[in-house]
Q: 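Okay, handing you the structure first.
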Amino acid sequence: MESLKVDLFSDMVYVFTPKGDVIELPRGSVPIDFSYKIHTEVGNHTIGAKVNGKMEPLDYQLKNGDIVEVMTSKHSYGPSQDWLKMTQTSQAKNKIKQFFKKQLREENVIKGRELVEEELRLAGYEPKETLTEENVQLAMDKFSFTSEEDMFAAVGYHGITAAQIVTRLTEKIREEKEKNKKIEETIEEVNASGQNLKKKPKRDSGVRVEGVDNMLIRLSKCCNPVPGDQIVGYITKGRGVSVHRLDCPNVQTDEVKDRLMEVNWENEEAESKQYHVDLEISGYDRRGLLNDVLQVINEMKTNIIGVNGRSDRNKIAIIHVTILIHNINHLRRIVEKLKQIKDVYTVERTIQ
């Protein structure tokens, strides 16, 4: 109600899009309010703004007649908590809160799945073999969940214990021990006949090419793919296969499409290998900001390979850090911690 009163009774400012469309906003609004007025996805992926052709900070107060151009990036990790303090419109605040609510649910789903898998291992079961569609459906029916994500989210926020879910997941396995035993005997017969696949040699890159062995595979340094990213292979001249993220601009041109091939991660959840990732963090240039960023990364027990920063006359600090991470989930946890730092505006994964 308070947000609604602000929108209804505050003075208004009228600003323009680069195409000349008029946007009405409450006085005191900032570029973030403008971007969410345009579209939710534009707001969620905002990384900066030009006002009258000049770069301005995200907390710049818009004035009548300003021409506002929003800068976005599909590599942005979304809004930070500080945006709620900067924005003036209830529309922007509500959409930012919806983003964090959805994100919190996704975190609970990931956390819940990890707790269930850990409980399965403690009980002597292999998670991949136990979490079949049939077993999951039995557990969902038992506890009246409508989706798999709802079930894992409930475990994540401790609405139900992982042990209760595991008991239901393994019930059918325990009832069909004899059937499983026959399956194991069949597998042993296949192995004995020499028809089983030989164990593939380990690759330092952690990436495999289906149907091809002993091929040189390396991770590209332009986009630094990590386990969990969607990837594609590029056949180089004399240097084997270079692995890129699927959204890397260097594999988007028509000239390279004929040399692309399908590749996959050996194990997306493995934590035995570390991968380079470049992050760009922007925020208000205050004393101690760099120290706060480094402290958060250190608390996450993450190695820092390189760091540099700069600031502009608008008091915007840009910090570039290169870190070593295990997989995409490890990276997400670090990014979420960085976004919670006071005065941090955006965290973006960069591509050379």
Side-chain angles (χ1 to χ4, degrees), residues 105-213 217 225-231 262-275 325-333:
R105 171 180 163 80
E106 291 174 351
E107 289 176 1
N108 280 326
V109 170
I110 294 171
K111 181 181 177 182
R113 182 181 289 273
E114 290 174 349
L115 288 171
V116 169
E117 289 180 354
E118 183 180 354
E119 189 71 21
L120 281 168
R121 292 189 186 97
L122 290 174
Y125 296 94
E126 182 60 36
K128 287 185 178 180
E129 296 175 0
T130 309
L131 290 170
T132 63
E133 184 177 345
E134 182 180 9
N135 290 338
V136 170
Q137 188 63 51
L138 286 171
M140 286 165 48
D141 293 342
K142 171 68 176 179
F143 300 106
S144 302
F145 289 113
T146 56
S147 72
E148 185 176 341
E149 287 190 349
D150 287 344
M151 183 177 73
F152 287 125
V155 177
Y157 62 71
H158 304 299
I160 190 172
T161 67
Q164 289 176 287
I165 298 296
V166 167
T167 299
R168 196 60 178 178
L169 284 171
T170 59
E171 185 176 3
K172 192 172 181 63
I173 297 175
R174 295 194 304 270
E175 292 175 351
E176 299 181 353
K177 276 187 176 182
E178 289 300 318
K179 182 178 179 180
N180 289 339
K181 186 177 179 181
K182 290 179 181 179
I183 293 174
E184 289 172 2
E185 290 172 353
T186 303
I187 292 174
E188 289 175 0
E189 290 174 4
V190 172
N191 289 340
S193 66
Q195 296 177 6
N196 60 309
L197 293 174
K198 293 183 179 179
K199 186 178 180 181
K200 295 183 179 178
K202 283 189 175 180
R203 299 173 175 82
D204 290 340
S205 64
V207 176
R208 69 175 184 272
V209 179
E210 292 295 339
V212 181
D213 286 328
I217 302 173
V226 300
D229 284 330
Q230 290 184 302
I231 53 175
E262 182 179 349
V263 294
N264 297 289
W265 294 105
E266 291 278 11
N267 186 354
E268 294 185 11
E269 301 300 325
E271 296 193 358
S272 57
K273 183 173 173 60
Q274 293 184 316
Y275 299 82
I325 59 98
H326 297 297
N327 51 47
I328 198 72
N329 291 330
H330 183 191
L331 177 60
R332 286 197 187 103
R333 291 195 294 270

Q: Could you pull out the closest heavy-atom pair between Trp265 and Asp229, with the gap in Å?
A: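 Between these two residues, the closest heavy atoms are NE1-O, 2.9 Å.
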Q: Drop me the distance from Met140's CE to Asn135's CG, to the nearest 0.5 angstrom.
A: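 Reported value, rounded in 0.5 Å steps: 12.5 Å.
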Q: Can you tell me how far CD1 of Ile160 sits from CG of Leu115, rounded to the nearest 0.5 angstrom?
A: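 Reported to 0.5 Å precision, the distance equals 12.5 Å.
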Q: Is the number of heavy atoms from other residues, nucleotides or ligands under 6.0 Å of Glu126 CD greater than 12?
A: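 Enclosed: over 12 neighbouring heavy atoms sit under 6.0 Å from CD of Glu126.
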Q: Looking at Tyr275 and Val226, what are the two nearest heavy atoms and their distance?
A: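 Tyr275 and Val226 have their closest heavy atoms at CB-CG1, 3.6 Å.
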Q: Classify the ring geometry of Phe143 against Phe145: parallel below 30°, tilted from 30° to 60°, perpendicular beyond 60°.
A: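 If you compare the ring of Phe143 with that of Phe145, the planes turn out tilted.
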Q: How close do Glu266 and Val207 get, heavy atom to heavy atom, and via which atoms?
A: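 For Glu266 and Val207, the tightest heavy-atom pair comes out as CG-N, 4.0 Å.
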Q: What are the two closest heavy atoms between Val116 and Val166, and how far apart are they?
A: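 For Val116 versus Val166, the nearest heavy atoms are O-CG2, 3.8 Å.
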Q: For the pair Lys111 and Glu114, evaluate salt bridge (charged side-chain N to carboxylate O under 4.0 Å, His left out) and give the outcome as yes or no after the intermediate values.
A: CA-CA 5 Å; Lys111 181 181 177 182; Glu114 290 174 349; over 6 Å; no
Q: How about Ile217 and Val263: do any of their side-chain heavy atoms sit closer than 4.5 Å?
A: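 Side-chain contact under 4.5 Å: no.
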Q: When rounded to the nearest 0.5 angstrom, what is the spacing between OG1 in Thr132 and CD1 in Ile173?
A: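 Rounded to the nearest 0.5 Å, the OG1-CD1 separation comes out at 7.0 Å.
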Q: For His326 and Gln274: C-alpha separation, side-chain torsions, deciding distance, then whether side-chain contact (heavy atoms from CB on, under 4.5 Å) applies.
A: CA-CA 5 Å; His326 297 297; Gln274 293 184 316; 3.6 Å; yes
Q: Under a 4.0 Å threshold between the charged nitrogen and the carboxylate oxygen, would Glu118 count as salt-bridged to Arg121?
A: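 Answer for the salt bridge query: no.
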Q: Rounded at 0.5 Å granularity, tell me how far NZ in Lys172 sits from CD in Gln137.
A: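 Answer rounded to 0.5 Å: 12.5 Å.
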Q: Going from CD on Glu119 to OG1 on Thr170, what distance comes out if it is rounded to the nearest 0.5 angstrom?
A: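 Those atoms lie 10.0 Å apart.
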Q: Could you check whether any side-chain heavy atom of Arg113 comes within less than 4.5 Å of a side-chain heavy atom of Glu148, counting everything from C-beta outward?
A: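 Result yes, sub-4.5 Å side-chain heavy-atom pair found.
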Q: When you compare the side chain of Leu138 with that of Leu169, does any pair of heavy atoms fall below 4.5 Å?
A: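 With C-beta onward as the side chain, the pair stays apart.
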Q: Looking at Leu331, Asn329, Ile328, Asn327, which hits side chain to side chain contact (heavy atoms under 4.5 Å, CB included) with Pro227?
A: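 Result: among Leu331, Asn329, Ile328, Asn327, Asn327 is the only option passing the side chain to side chain contact (heavy atoms under 4.5 Å, CB included) with Pro227.
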Q: If every non-hydrogen atom of Ile231 is compared with every non-hydrogen atom of Pro225, which pair is closest and at what distance?
A: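 Result for this residue pair: CG2-CB, 3.9 Å.
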Q: With a 4.0 Å cut-off, would you call Arg105 and Glu149 a salt bridge?
A: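 Yes, charged N to carboxylate O under 4.0 Å.
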